[in-house]
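No experiment lies behind these values; they were computed from the predicted model shown.
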Protein chains: 2
Amino acid sequence: MENDPRLSLRLHFNKGLTFGRGKADLLQAIAEEGSISAAGRRLGMSYRRAWALVEDMNGHFHAPLVDSSRGGAKGGGASVTELGQSVLADYRALEAMLRDAPQIATLRMALEGDISEQK
Amino acid sequence: MENDPRLSLRLHFNKGLTFGRGKADLLQAIAEEGSISAAGRRLGMSYRRAWALVEDMNGHFHAPLVDSSRGGAKGGGASVTELGQSVLADYRALEAMLRDAPQIATLRMALEGDISEQK
DNA sequence: GAGGGTTATGTCTGCCGGGACATAACGGAG
DNA sequence: CTCCGTTATGTCCCGGCAGACATAACCCTC
């Protein structure tokens with residue numbers, strides 16, 4: 001991803017759902033690839049895991065974030081629903097808001113060995 | 001803690017450090033109790049774990065967040081350094097900023113069974 | 001000096017999350 | 001009808017993390 005690897009955000013919600021970079025990137029990759037397995041390959045994770053994450057997301061929201069249908073050769077595949085795109089956009093916005101927050105800069109400066117890499 | 005249990009924030013930094021509610025609450029409890037073990041008791045975690053978290057924090061920042069000295073009966077104990085208080089304040093500020101973000105409200109509404117509990 | 005509360009550290013075990021592997025069911029292309 | 005790529009699901013196993021237990025060193029109060 002083109003995102004800053006030095007900082008990532010994970011949200012913990014009430015019902016055991018955690019939403020972080022992993023699910024966000026997966027959602028984005030599915031939207032761009034049109035397939036769960038292709039997205040998984042691109043992100044270097046097994047299809048098993050990618051599907052598990054999708055199932056988790058779909059189960060915790062009141063409507064699925066990812067629609068999917070079986071069959072290969074352009075037959076089946078997966079797509080991100082409106083809700084899914086909305087969730088993804090919200091997460092990215094929060095990520096950006098956080099990244100630009102002054103407190104993050106303060107914390108970074110207090111970290112060990114983080115001074116060197118702001119060339 | 002008096003904080004909203006339905007949402008929590010975890011920051012992932014570059015060098016394997018993760019800072020979330022656990023460490024933040026611990027830091028705050030140490031500041032208020034003046035002792036690692038007392039803080040651990042209050043939060044319902046073992047001293048072993050509390051100390052491990054402190055060690056992790058102190059190791060990842062360029063200066064310790066918690067000062068400690070041995071001995072009981074008001075002899076030793078632990079206190080949160082200026083840096084520690086600053087880090088804690090920064091985290092609380094980010095938490096608040098996040099909690100009040102409109103995207104969080106949007107996400108909450110999309111979650112399963114989250115509508116009922118806003119009495 | 002005895003006792004209690006504290007920091008600091010070692011070790012063991014159980015659990016569970018994730019990775020690896022396997023398989024079924026399906027659908028379009030050719 | 002065959003083949004390929006996909007969704008969907010089951011099972012096994014291993015590593016790492018968390019909790020439980022144990023101990024040492026320390027320091028103040030009484």
Side-chain angles (χ1 to χ4, degrees), chain A residues 8 10-13 15-27 29-60 63-81 84, chain B residues 8 10 12-13 15-27 29-61 63-81 84:
Chain A
S8 76
R10 178 184 282 185
L11 278 347
H12 282 75
F13 292 97
K15 207 52 183 177
L17 171 67
T18 68
F19 194 93
R21 275 275 290 278
K23 293 209 181 84
D25 287 352
L26 178 61
L27 221 49
I30 290 175
E32 292 171 10
E33 299 278 354
S35 149
I36 296 180
S37 68
R41 277 195 303 270
R42 195 169 96 180
L43 297 182
M45 75 176 69
S46 70
Y47 172 79
R48 189 74 180 82
R49 171 141 184 78
W51 187 84
L53 294 181
V54 168
E55 186 195 34
D56 189 42
M57 283 189 280
N58 281 350
H60 278 88
L65 303 194
V66 173
D67 272 347
S68 58
S69 54
R70 295 186 169 188
K74 199 56 204 325
S79 65
V80 175
T81 64
Chain B
S8 78
R10 180 185 281 185
H12 281 77
F13 292 97
K15 209 51 182 175
L17 172 67
T18 68
F19 194 94
R21 275 274 291 278
K23 293 210 181 81
D25 287 352
L26 178 62
L27 220 51
I30 290 175
E32 292 172 9
E33 298 278 352
S35 151
I36 296 180
S37 68
R41 276 195 302 271
R42 196 170 92 179
L43 298 182
M45 73 176 71
S46 71
Y47 173 78
R48 191 72 180 83
R49 171 142 185 78
W51 187 84
L53 294 181
V54 168
E55 185 195 35
D56 188 43
M57 283 190 280
N58 282 350
H60 277 88
F61 286 86
L65 304 193
V66 172
D67 272 346
S68 58
S69 55
R70 295 186 170 190
K74 197 61 202 318
S79 64
V80 176
T81 64

May I ask you to evaluate whether [X] reaches the phosphate of [N], defined as a side-chain N or O under 4.0 Å from OP1 or OP2?
X     : N      : answer
A/S46 : C/dG18 : no
B/S68 : C/dT6  : no
A/S69 : D/dT7  : no
A/S37 : D/dT6  : yes

message: Suppose we screen for salt bridge (charged side-chain N to carboxylate O under 4.0 Å, His left out). Which residues come up paired with B/D56, at least two apart in sequence or across chains?
response: B/K23
message: Using 0.5 Å steps for rounding, measure from the CH2 atom of B/W51 to the OG atom of B/S37.
response: 14.0 Å
query: If you round to the nearest 0.5 Å, how far is OG of A/S79 from CG of A/L65?
result: 11.5 Å
- request: Under the side chain to side chain contact (heavy atoms under 4.5 Å, CB included) rule, what do A/I30 and A/V54 come out as? Steps first, then yes or no, please.
  value: CA-CA 10 Å; A/I30 290 175; A/V54 168; 3.8 Å; yes
Measure from [atom1] on [X] to [atom2] on [N] and round the result to the nearest Å.
X     : N      : atom1 : atom2 : result
B/Y47 : D/dC21 : OH    : P     : 18 Å
A/R49 : D/dC12 : CZ    : P     : 21 Å
A/I36 : C/dA25 : CD1   : C1'   : 15 Å
A/E55 : D/dT6  : CD    : P     : 20 Å
B/E33 : C/dT6  : CD    : P     : 10 Å
A/L43 : C/dG19 : CG    : P     : 12 Å
A/N58 : D/dT7  : CG    : C1'   : 13 Å
A/I30 : D/dG5  : CD1   : P     : 19 Å

query: Between the main-chain N or O of B/V66 and the side-chain N or O of B/N58, is there a donor-acceptor pair closer than 3.5 Å?
result: yes
- prompt: Does A/T81 use its side chain to pair, donor to acceptor, with the backbone of A/P64 at less than 3.5 Å?
  reply: yes
field: B/W51 side chain, from C-beta outward: closest of D/dA8, D/dT6, C/dA8
entry: C/dA8
message: Wobble G-U and Watson-Crick pairs count when both distances are under 3.5 Å; given that, what is the 5' to 3' dot-bracket string of DNA chain D, with | for pairing to other strands?
response: ||||||||||||||||||||||||||||||
field: B/R42/B/E32 ion pair, N-O < 4.0 Å
entry: yes
statement: Which of A/H12, A/H60, A/M57 passes side chain to side chain contact (heavy atoms under 4.5 Å, CB included) with A/F19? It is A/M57
- request: Give the B/S/- string for nucleotides 22-30 of chain D, one per nucleotide from 5' to 3', where a protein heavy atom under 4.0 Å of the base yields B, of only the sugar-phosphate yields S, and otherwise -.
  value: ---BBBBS-
query: A/Y47 and A/I36: side chain to side chain contact (heavy atoms under 4.5 Å, CB included), yes or no, with the steps?
result: CA-CA 7 Å; A/Y47 172 79; A/I36 296 180; 3.5 Å; yes
